[in-house]
Amino acid sequence: MTRLGISTRMSHVADVESMREAARDRRPTRVERLARFVCRSRWEDLSEPAREQLKLRVLDSLGVAFGALDGEPVKMVREQLQEFGGAPLATLIGGGRSAPDRAALYNGALVRYLDFNDSYLAPGETRHPSDNLAPVLAAAEYAHADGGTLLTALAVAYQVENRLSEVAPVRAKGFDHTTQGAYAVAAGVARALGLDQGRTANAIAIAGTSLNALRVTRTGELSHWKGLAYPATAFAATHAAFLAMRGVTGPREVFEGNKGFIDAIAGPFEIDWQQEDLESVRHTILKRYNAEIHSQSAIEALLELRAEHGLTGIEVERIELDTFQVAFDIIGGGEEGDKYRVRSKEEADHSLPYLLAVALLDGQVLPEQYLPERITAEDVQQLLRRVDVRPDGDLSRRFPQQHSARLRLHLRDGRTLEREQHDYEGFHTRPMGWDAVAAKFDRLAERHVEASLRTSIQDVVANLDELPVQQLTNLLAVPLISA
């Protein structure tokens, strides 16, 4: 070999060694540290209360999903899946199979459509972390995982989504909460698939870079997309995780890089993933009523006054509600738009005037209160215009530790009935137990699922950590009474 050749070869070896040394010495990026947290997570890391809450969230979400089978946009999604096809690798709730990313879309639409699934209240962000069940379930089924892996992956998704919403809220900057959800879905799916740290980081980076959604989804005139935005994110983030599984790489500086998430959207924040646990699910709350989460205490207060005084709605001249600022902004007529023009299910479940009016007239707020003929009925349309919603500084300061409502019903005979409360059944201070969630599951699923099958699903969910995921998905695939 010539001296030049030897010199070139030695230079190349030195360059390779230098690159290896630089790789050893460089500090892991934020997404790599997050991936390390995802990969080290284990079922054994969860406390017993967290394990119980995860199972409750699964049962609650499945009940809501069965209750949504007749939803108009859900049927549209199903039609598209049937036309486009997809390898039959994951179960669709109610029967049929498709590719995992498409199962994440369809099953996610079922979980989300009614707006009856769980919530997490951060000071600057409100979200529905059980939206992550559909993608995690599809990935776990694909991977032939056990129930403990499924629940661990779900706990990971909860932790990532909730912590990002706490320290890096995006709503005030015009972005939707599905923006942080992209990171959560990718993390949960990667954990369910058992990806290594490098592929997990790539999955999260691809999803986080690609899926930054606008808050207009939930402002002004609401559309079907309100219920489909997170399922669409789940579809794309699940797809990203499978690409990463095959070796596709993503920007390793997705968080801190030039024009990354911090620079372009969130601003500075810190999460030490080495110190994080899997307990965030314990801080989520369930819904007692089929309505936007910030309405729950007000609805409960109204229904209790209604029952106590035997009201039907005819006696009421006017309804006044003092609430916290977030509730006013999102569903009371504040910064996110007029809530007195209600023409669709999406507008109705995000309108405090409609929710209070229909609760007073019907004595409940369940899926029946969103039938088109109920929304447009003259009695509820007239009454909702006599509902006054105002933000209250004291109640606002108590949020999110308290979920407050101060309600006054002005009757036609001159009397005023009042009630103030700071929580509801389903909030942290009065959590729903297994029996209450099972009753909600039965109430929502009974139209489509036979009693024996409902019992079997509840039994499997209760023991999911000891069973293969396929035992659950086999039950979810059983043909329904009607669809």
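Since this is a predicted model, take the numbers as computed values, not measurements. For this chain, numbers begin at 1 and follow the sequence in order.
- To the nearest 0.5 angstrom, Thr179 atom OG1 is 5.0 Å from Asn212 atom CG.
- When every heavy atom of Ala237 is checked against every heavy atom of Val185, the shortest pair comes out as CB-CG1, 3.5 Å.
- In summary, Asp338 and Arg341 do not engage in a salt bridge, as defined by a charged side-chain N under 4.0 Å from a carboxylate O.
- Of the N and O atoms on the side chains of Thr429 and Asp423, at least one donor lies less than 3.5 Å from an acceptor on the other residue.
- Shown here are the side-chain hydrogen bond (donor to acceptor under 3.5 Å, both in side chains) partners of Arg252, two or more places apart in sequence or in another chain: Glu32.
- For His294 and Phe324, the gap between ring centers is short of 6.0 Å.
- Ring pair Phe427/Tyr424 is tilted by interplanar angle, where 30° to 60° counts as tilted.
- Using a 4.0 Å cut-off between a side-chain N of Lys or Arg and a carboxylate O of Asp or Glu, Glu292 and Lys226 do not qualify as a salt bridge.
- In terms of heavy-atom proximity, Asp176 sits nearest to Ala229 at OD2-CB, 4.2 Å.
- Between Glu270 and Arg30 there is a salt bridge, with a side-chain nitrogen of the basic residue lying less than 4.0 Å from a carboxylate oxygen of the acidic one.
- For the atom pair CG (Leu407) and OG (Ser297), the distance works out to 11.0 Å, reported to the nearest 0.5 Å.
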request  = Kindly indicate, with the supporting measurements, whether the criterion side-chain hydrogen bond (donor to acceptor under 3.5 Å, both in side chains) is fulfilled by Asp146 and Thr149.
outcome  = CA-CA 5 Å; Asp146 57 47; Thr149 298; 2.9 Å; yes
request  = List the steps and the verdict of side chain to side chain contact (heavy atoms under 4.5 Å, CB included) for Phe66 and Leu444.
outcome  = CA-CA 7 Å; Phe66 283 123; Leu444 291 170; 5.9 Å; no
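- Every residue two or more places apart in sequence or in another chain that forms a salt bridge (charged side-chain N to carboxylate O under 4.0 Å, His left out) with Glu166 is listed here: Arg163.
- Across every non-hydrogen atom of Leu89 and Pro100, the tightest pair is CB-CD, 4.0 Å.
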request  = Please lay out, stage by stage, how Leu366 and Tyr289 fare under the test side chain to side chain contact (heavy atoms under 4.5 Å, CB included).
outcome  = CA-CA 6 Å; Leu366 289 168; Tyr289 308 103; over 6 Å; no
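- We find the NE2-CG distance between His350 and Asp115 to be 5.5 Å, quoted to the nearest 0.5 Å.
- In terms of the salt bridge (charged side-chain N to carboxylate O under 4.0 Å, His left out) criterion, Asp277 has no residue partners (sequence neighbours excluded).
- Residues Thr233 and Gly181 share a closest heavy-atom pair of CG2-C, 4.2 Å.
- Checking Thr376 against Arg343 by side-chain atom types alone, no donor-acceptor pair falls below 3.5 Å.
- Comment: Arg215 engages Glu336 in a salt bridge, judged by a side-chain N to carboxylate O separation of less than 4.0 angstrom.
- In terms of the salt bridge (charged side-chain N to carboxylate O under 4.0 Å, His left out) criterion, Arg102 has no residue partners (sequence neighbours excluded).
- Atom CG of Leu355 sits about 6.5 Å away from atom CD1 of Ile331, to the nearest 0.5 Å.
- For the pair Arg36 and Trp273, the cation-pi criterion (under 6.0 Å, within 45° of the ring axis) is not fulfilled.
- Annotation: ring-ring contact (aromatic ring centres under 6.0 Å, His included) contacts of His177 (sequence neighbours excluded): none.
- A side-chain donor-acceptor contact under 3.5 Å links Asp118 and Tyr158.
- In summary, the side chains of Asn117 and Asp60 do not present any donor paired with an acceptor at a separation below 3.5 Å, with no hydrogens or angles considered.
- In this structure, CD in Gln381 is found 12.5 Å from OH in Tyr340, a value given to the nearest 0.5 Å.
- Annotation for Glu161 and Tyr230: closest pair OE1-OH, 3.1 Å, computed over non-hydrogen atoms.
- In the model, Thr91 has a side-chain atom that pairs as donor or acceptor with a side-chain atom of Glu141 under 3.5 Å.
- With respect to the salt-bridge test (charged N to carboxylate O, under 4.0 angstrom), the residues Glu425 and Arg288 qualify.
- Partners of Arg33 according to the salt bridge (charged side-chain N to carboxylate O under 4.0 Å, His left out) rule, which considers only residues two or more places apart in sequence or in another chain, do not exist here.
- No side-chain N or O of Gln401 forms a donor-acceptor pair with one of His403 less than 3.5 Å apart.
- In this pair, Phe261 and Phe269 present their aromatic rings perpendicular. The plane angle is above 60°, beyond the 30 to 60° band.
- The residues Lys55 and Asp465 are annotated as salt-bridged, a charged nitrogen and a carboxylate oxygen being separated by less than 4.0 angstrom.
- Note that Lys345 lies in the cation-pi zone of Tyr370, set by a 6.0 Å cut-off to the ring centre and a 45° limit from the axis.
- Side-chain N/O atoms of Gln53 and Thr284 include no donor and acceptor closer than 3.5 Å.
- We find the OH-CZ distance between Tyr120 and Arg127 to be 10.0 Å, quoted to the nearest 0.5 Å.
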